[in-house]
Amino acid sequence: MLDTDILITGAGSAGLTLALLLAKNCPDLPITVLEQGPAPVAGPAQLNRVSALNLASQRVLDSLGVWQLLTAKPAYQQMQVWEADSFARIEFATTDLGALAQTPALGWIVDNEELRACLYQRALQYPNIQWKFDARIQQISASERQNLLTLADGSAYISKLLVGADGANSMVREQLKMPLAFWDYDHHGLVAVVRTSEPHQATARQVFLPTGPLALLPLVDPHLVSIVWSVAPERAAELIAMPADQFNQALTAASQSVLGVLNVQTERRSYPLKMRYASQWQKHNAVLVADAAHTIHPLAGQGMNLGLMDACALAELIVQNISTGRTCNEQRMLRQYERWRKAEAQQMIALMEAFKRGFMLQHPLAKLVRAVGMAATNQLAPVKRQLLAAALGNQGDLPAVARPGVISL
Ligand SMILES: Cc1cc2nc3c(=O)[nH]c(=O)nc-3n(C[C@H](O)[C@H](O)[C@H](O)COP(=O)(O)OP(=O)(O)OC[C@H]3O[C@@H](n4cnc5c(N)ncnc54)[C@H](O)[C@@H]3O)c2cc1C
């Protein structure tokens with residue numbers, strides 16, 4: 001039986017960030033990370049899945065020494081969002097922030113697997129983290145006294161605090177019967193890397209089509225973008241099955257040829273998109289973070305950013321507790337974490353819903369209202385600055401490590 005203070009299930013971006021922050025700030029705290037897959041392997045970005053990270057996440061990764069390890073992290077200095085078949089359009093640039101709030105970029109595109117590999121590489125420096133890969137969880141029980149987790153190979157773990165960082169289909173959430181609200185967005189997100197005949201000019205683009213949004217995220221090569229095309233599940237299946245030539249035509253048309261002719265370079269994959277929200281994030285001595293607690297539509301590229309902030313918030317509270325002689329599983333502290341991060345997640349879920357529903361309305365009046373609203377917003381510097389602050393992750397109740405000008409916890 002292995003006894004540990006903190007047991008984290010899931011070595012995704014959130015679980016690894018949490019382990020790293022805790023290990024760095026509490027060198028005597030025994031931490032164990034359990035992951036069902038193999039250990040992340042360092043290597044060049046494969047670009048199977050990428051994420052747009054905001055400034056708040058960039059600051060966290062920078063303070064952990066992880067940012068420096070990423071080989072490919074193309075920045076974008078502009079964003080363009082528009083609606084097909086209408087004059088609704090809004091553009092953002094780093095210069096919109098004004099001279100007092102300079103930022104090197106509006107966001108960065110990172111490869112999910114490379115990010116995991118860099119987080120892991122950094123975390124290996126801390127001897128207080130134990131690792132168990134290819135772990136098959138069999139049973140989890142949590143009580144007021146302790147948590148017990150058993151694996152299929154017969155090993156067992158007792159922990160003071162169990163953290164479910166095990167993604168959208170969290171087994172911790174399921175086995176501990178933490179209630180979940182969800183609805184289908186009726187979209188699948190089709191992702192692929194695409195070559196463009198026109199250069200992307202370090203601009204992230206998103207067009208809202210009547211069927212759903214298409215995002216074109218700039219990669220290091222000025223003629224390569226990563227797409228997230230949200231369409232009905234049946235359409236996603238058709239788009240994946242069709243020959244490359246036909247797909248390229250459909251994609252070029254959907255993008256309104258904004259980057260000229262598009263040519264798919266990789267396998268096309270699609271992910272069902274669901275809103276998930278656990279109504280309880282902590283039970284006894286177990287707690288959920290990131291996708292295990294909430295998933296949102298990828299249309300604003302905020303899911304990973306939100307999850308990283310959960311990890312930072314939980315780490316901050318645990319570190320504070322330990323440094324003041326309290327325990328890592330104090331109920332008051334876990335409830336504080338839950339209240340803090342639920343408020344942020346709820347806001348983001350509501351915003352994504354408003355965006356999705358708002359843009360799906362095809363009534364001519366709705367289109368006119370959108371067009372006028374976007375045109376007005378595009379002209380109003382203070383409103384644009386507000387929107388930009390939100391996109392950069394500079395708004396809301398940020399964990400200390402993610403705030404501007406703060407280097408570590
Ligand atoms: C199409 C698409 C595009 C997206 N684009 C963006 C974007 O541009 N920007 C952004 O911020 N977000 C984006 N997101 C969201 C982002 O990908 C997720 O929010 C983020 O990856 C979640 O991280 P996580 O660590 O919580 O979960 P995961 O990355 O899912 O990691 C969970 C880990 O737990 C492990 N695990 C699962 N079950 C078990 C178990 N039983 N035992 C042990 N280990 C287990 C898994 O193997 C995995 O390693 C996108 C999502 C989609 C679907």
Side-chain angles (χ1 to χ4, degrees), residues 7-19 32-40 48-58 61 76 79 107-113 115-117 119-120 131-140 149-152 157 162-175 185 187-192 204 206 212-218 226-231 236 268-276 278 288-311 314 345 348 352 391 393:
L7 180 60
I8 301 171
T9 62
S13 56
L16 290 169
T17 300
L18 176 65
T32 302
V33 179
L34 288 184
E35 163 59 46
Q36 67 179 4
N48 287 332
R49 274 281 296 277
V50 300
S51 294
L53 289 188
N54 63 24
L55 192 56
S57 297
Q58 190 272 343
L61 297 172
Y76 49 93
M79 279 195 278
W108 292 263
I109 308 296
V110 301
D111 179 274
N112 289 13
E113 274 314 297
L115 174 60
R116 284 184 72 226
L119 284 163
Y120 177 56
W131 301 93
K132 172 85 176 166
F133 290 100
D134 302 308
R136 292 278 163 272
I137 298 177
Q138 205 160 48
Q139 211 180 357
I140 306 171
L149 184 149
T150 52
L151 296 185
Y157 294 79
L162 172 66
V163 182
D166 47 350
N169 299 310
S170 169
M171 201 162 169
V172 171
R173 187 186 68 218
E174 202 184 286
Q175 289 222 0
Y185 284 121
H187 273 163
H188 278 202
L190 188 155
V191 301
Q206 179 140 259
L214 164 65
L216 304 152
L217 305 173
S226 174
I227 62 159
V228 183
W229 193 358
S230 302
V231 287
R268 289 157 260 170
R269 297 172 190 222
S270 84
Y271 299 86
L273 303 179
K274 256 190 192 166
M275 190 298 297
R276 295 180 185 83
L288 302 176
V289 295
D291 273 21
H294 47 74
T295 60
I296 56 172
H297 199 288
L299 67 85
Q302 289 298 332
M304 185 181 284
N305 293 302
L306 202 58
L308 292 179
M309 294 307 121
D310 288 350
L314 184 59
M348 195 60 83
M352 291 310 105

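Since we're looking at a predicted model, the values are computed, not measured. For the numbers below, each heavy atom of this structure counts, side chains included, while hydrogens, waters and symmetry mates do not. In each ligand, atom 1 is the first atom listed, and ligand 1 is the first ligand listed.
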### Message
Within the structure, is a non-hydrogen atom of T9 found at a distance of less than 4.0 Å from ligand 1?
### Response
no
### Message
Checking the side chain of R173 only, and the main-chain atoms of A293 only, is there a donor and an acceptor separated by less than 3.5 Å?
### Response
no
### Query
If you measure from CG on D166 to CD on E174, what distance do you get to the nearest 0.5 Å?
9.5 Å
### Query
How close does the nearest protein non-hydrogen atom get to atom 30 (O) of ligand 1, and which residue and atom is it?
G167 CA, 3.8 Å
### Min side-chain heavy-atom separation L299-S230 under 4.5 Å
no
### Query
Does N305 use its side chain to pair, donor to acceptor, with the backbone of A56 at less than 3.5 Å?
no
#### Entry: Subset of ligand 1 atoms that lie under 4.0 Å from at least one heavy atom of R116
49 (O)
### Query
Does any non-hydrogen side-chain atom of Q58 lie less than 4.5 Å from one of L53?
no
### Message
Return the closest protein heavy atom for atom 8 (O) of ligand 1 as residue, atom name and distance.
### Response
A52 N, 2.8 Å
## Note on the structure
heavy-atom search around atom 6 (C) of ligand 1 in the protein gives S51 OG, 3.9 Å
### Distance (rounded to the nearest 0.5 Å) between K274 NZ and T295 OG1
8.5 Å
### Protein contact of atom 23 (O) of ligand 1 - nearest heavy atom, named by residue and atom, plus distance
S13 OG, 3.5 Å
### Query
Does D291 reach ligand 1 with a nitrogen or oxygen that is under 3.5 Å from one of the ligand's nitrogen or oxygen atoms?
yes
### Task
Compare H294, M304, Q138, M171 and give the one whose heavy atom is closest to atom 16 (C) of ligand 1.
M304
## Note on the structure
If you scan protein heavy atoms around atom 3 (C) of ligand 1, the nearest is P298 CB, 3.6 Å
### Query
How many angstroms lie between CD in Q36 and OG1 in T9, if you round to the nearest 0.5 Å?
9.5 Å
### Query
Taking side chain as C-beta onward, heavy atoms only, is L119 less than 4.5 Å from L61?
yes
### Side chain to side chain, I296 and Q302, heavy atoms closer than 4.5 Å
yes
### Query
So which heavy atom in the protein is nearest atom 17 (O) of ligand 1, and how far is it from that ligand atom?
R49 NH2, 2.9 Å
### Task
Find all atoms of ligand 1 within a distance of less than 4.0 Å from any non-hydrogen atom belonging to A290, and give their numbers and elements.
26 (O)
### Query
For atom 40 (C) of ligand 1, what's the nearest protein heavy atom and its distance?
Q36 OE1, 3.7 Å
### Query
Taking the minimum heavy-atom distance to atom 32 (C) of ligand 1, which of A165, G10, P38 ranks first?
A165
### Task
Using distance alone, decide if ligand 1 has a nitrogen or oxygen within less than 3.5 Å of any nitrogen or oxygen in I137.
no
### Task
Mind running side-chain contact (heavy atoms from CB on, under 4.5 Å) on Q175 and Q139 for me, showing each step along the way?
CA-CA 7 Å; Q175 289 222 0; Q139 211 180 357; 3.9 Å; yes
### Query
Which of the numbered atoms in ligand 1 are below 4.0 angstrom from a heavy atom of G303?
10 (C), 11 (O), 12 (N), 15 (C), 19 (O)
### Summary
The side-chain contact (heavy atoms from CB on, under 4.5 Å) partner of W131 among T32, L34, V33 is V33
### Query
Roughly how far, to the nearest 0.5 Å, is the CE atom of M348 from the NE2 atom of H297?
14.0 Å
### Task
Please identify which atoms of ligand 1 are closer than 4.0 Å to at least one heavy atom of N305.
11 (O)
### Message
Applying a heavy-atom cut-off of 4.0 Å, say which part of A14 lies close to ligand 1: side chain, backbone, both or neither.
### Response
both
### Task
Considering heavy atoms of the protein only, find what lies nearest to atom 47 (O) of ligand 1 and give residue, atom and distance to 0.1 Å.
E35 OE2, 2.7 Å
### Task
Return the option from A311, S230, G12 holding the heavy atom at the smallest distance from atom 31 (O) of ligand 1.
G12
### Message
G301 versus ligand 1: do any nitrogen or oxygen atoms come within less than 3.5 Å of each other?
### Response
yes
